[in-house]
Amino acid sequence: MKDVFVIIAFHAHEPLWDMHPYLLSKADDIYMRNGVTGKNYVREREFFGRNIYIECLNFARRLNIPVTLEASNELLFQIHKFRPETFSILEEAYKSGVIYPVFGNAHHTHAALIDGEAMTEEITQNIQFLTDILQIPKPRYLGYFPTEDSIDVRKLEWIKRASVDYVIFPAFGDDGSRVHNQGGPSYEPFTIGNYQDLIGLPRNFPISQEIWRPITLMKEEQVFWQGYMFGTYEVFPEQYRGEDVGKHPISMDEAVAMYRNVLRTEAERCHHNGLLMYMQDLELMDFGEDALKILGEAWMGLIEEKKKDINFCFVTPDEYLTRKIYQKDYYWQHLEFDKISWAPEIRPVLRPDGHYPPRGVKEWRGHSVENIFKEHPFIFWEPGKYFTEIYRSLFRSFCLDEKINMSARALLFKEYDLASFPIESRLAMHFRLIQRACNWGWRPDEDRQKRPFLHGYFIAYHLINAYEKGGEAKLWTDSGAPDWQPFDQKNLIGLERSLDVYIGERLAFLEEGLSVLGEPEQNVKNAQREMALARNLRVHCSHVVYEIYNLNHQISVCAPEQKKILQAEILLKLKMYCRLVYLAADQIQRTWMSISDTAGMVRVMYRCNHKNWPPKFVSIINEIDNMSDLDAKRFFAGKEGDCLRKAKQRLSGRTKTEA
């Protein structure tokens, strides 16, 4: 009989939903204070009697197995605050061994954006929440699940500094496009990077990602809102190849049978003493309860079916690694790689910048799909790098620490009330939350995408406040910031070009939708008014970026006595840029609120996203990153006159309210 080891693991995260309205209440701008805010999904699910965390425990007890869980501090804090009974149950489940801890990034920050000691602090804060607040003993081997399973070999040093023993590693590209050595181990652990003592624990791609297939086929009406429209667009890789995916919608019994086939195939492929590791989002885009039911029934059916052939051993990572590490004749394969993540999945991703086909599609409409993820493994999060690097440069100029320098217990005690933080910690927390994956990745809606600009607004606000009032005078010297570093011109271009997507593409599909949906005349007028304001704000953004560019150039050649004034002016312009982007996104949200046929507009939106192929951010990033210094200067010199002309045209006749 063959032994197959199985690890069932989940990732759980919810951003600090109430942080958004909290910060708006502190803003010194009346238009921002009246900004649109989204739901708190933790509280909403409680209202409807849904509790995925208890369902996860019920799943583990029904199968009589341990489950592995990585949960962000932001989620754990909100469960502690809004669902204290659930928090106590989870605490007991950890201590009793029903839940085994794997650690992650406390605030869901992404490897494309966070760096250095701040990354080590993120992992440490997550460890602190579980071992200090929940009083859970540290596991024998400390495991790490990086946000979106995105790993950059250059960041392994900072992961190691958090005393990490193993990293949950994503699937390898069959074509070798995202790892240096093709193929590689998939049912056994291995060592990674430049370390012989840092283990990669392989996530099994089929059993982890194929859970989406039965859910997508079963919940046809619900997945429409995520852009999966059978009969309109391709959904699975087979459809891109002109093949049929079969019947839909399907029943729960059919969904279980479909997923059991996936488990059966992988169990038969897996060798004796090999590993099958399931690692997936617990919430699963709000289909978590369905996923747990399919997962549980499929495993129970397979265990019964294969009881004479395969002995399935459901274990924790500790139990599995202990066997491997102490197996004297075990040969540790070593994997070299550059950057890798668990994207793409088995379905396409339709983002504002365009259409990203799923894994398994090599070419689409004459362009290589593989090259997108080969050249940009972090393409979903990479667009945030320009804004992040501008603020990283500010932190260096003011000799500010990117570390928050507060323990998980202190953050819990203060309930993330930033006004109660020391100024350096407050600035660092704002910067940390800019680097969240959910601000930029997968399908960022307007509400999530405008949040980093709100945090950027407050960083600039506090630095200006220190300049004007002297309350934090140590941030400034008589000649300005201690060692001001001018911004990289490419990052300034990124501030400008990214708005072609964040604002421009969204306005384009809304305009198209209004022309074809047949909305009532008053709705169209209201929507067009909101869109006109968004366009004006977008034009202002361009104008401000060029002003920052000019100030950035002047500061490198100015007299010492002018330096401090120019630095303060740059901060004012940066604060204005963040305000304008935030309000432009807010107007787009208000446009949606003016439309009655929401489903119709969703169809138009995804049609426009689908047509954008290749995705626009790929070309934008390639263009910017390949620019020389001279190219960057030409970008501003060639665009400045056009920008001012357009601004004048757009703003002629503008009312004071529209400003």
- With a cut-off of under 6.0 Å to the ring centre and 45° to the axis, is Arg359 in cation-pi contact with Phe205?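 Yes, a cation-pi geometry holds between Arg359 and Phe205.
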- Point-to-point distance, once rounded to the nearest 0.5 Å, from OH of Tyr166 to OH of Tyr144: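 Spacing of OH (Tyr166) from OH (Tyr144) equals 13.0 Å.
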- Item | From CH2 (Trp212) to CD1 (Ile346), nearest 0.5 Å |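 Going from the CH2 atom of Trp212 to the CD1 atom of Ile346 covers 9.0 Å.
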Answer yes when [X] and [Y] have at least one side-chain N-carboxylate O distance shorter than 4.0 Å, and no when they do not.
X: Glu511; Y: Arg535; result: yes
X: Asp500; Y: Lys616; result: no
X: Arg241; Y: Glu363; result: no
X: Asp488; Y: Arg392; result: no

- Message: Side chains of Val581 and His540, heavy atoms from C-beta outward: is any pair under 4.5 Å?
- Response: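 No, every pair of side-chain atoms sits at 4.5 Å or beyond.
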- Should Asn622 and Glu375 count as side-chain neighbours, where that means a heavy-atom distance under 4.5 Å?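 Heavy-atom side-chain distance check passes, below 4.5 Å.
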- Query: Nearest heavy-atom pair of Val545 and Leu492: which atoms, and what distance?
  - Reply: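 Where Val545 meets Leu492 most closely, the heavy atoms are CG1-O, 3.5 Å.
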Residue [X] excluded, over 12 heavy atoms near [atom1] under 6.0 Å:
X: Lys490; atom1: NZ; answer: yes
X: Asp631; atom1: CG; answer: yes
X: Glu221; atom1: CD; answer: no
X: Asn626; atom1: CG; answer: yes

Quiz question: by atom type and distance under 3.5 Å, do the side chains of [X] and [Y] form a donor-acceptor pair?
X: Glu496; Y: Tyr549; answer: no
X: Trp440; Y: Gln449; answer: no
X: His248; Y: Glu220; answer: yes
X: Gln587; Y: Arg538; answer: no

Exam field: side chain [X] to backbone [Y], donor-acceptor pair closer than 3.5 Å:
X: Asn204; Y: Ile207; result: yes
X: Asp244; Y: Gly246; result: yes
X: Asp152; Y: Arg154; result: yes
X: Arg203; Y: Met279; result: yes
X: Glu519; Y: Asp597; result: yes

- Stepwise, does the side-chain hydrogen bond (donor to acceptor under 3.5 Å, both in side chains) test hold for Glu345 with Gln209? CA-CA 7 Å; Glu345 53 143 311; Gln209 286 293 62; 4.6 Å; no
- Item | Close aromatic pair by centroid cut-off 6.0 Å: Tyr502 and Phe617 |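 Yes, the ring centres sit under 6.0 Å apart.
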- Message: Between Phe224 and Tyr606 (judged by ring centroids, cut-off 6.0 Å), do the two rings come close enough to count as a pair?
- Response: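 Here the rings of Tyr606 and Phe224 have centres that are no less than 6.0 Å from each other.
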- Please work out which of the three classes, parallel, tilted or perpendicular, describes the rings of His610 and Tyr233, given edges at 30° and 60°.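 Rings of Tyr233 and His610: parallel, under 30°.
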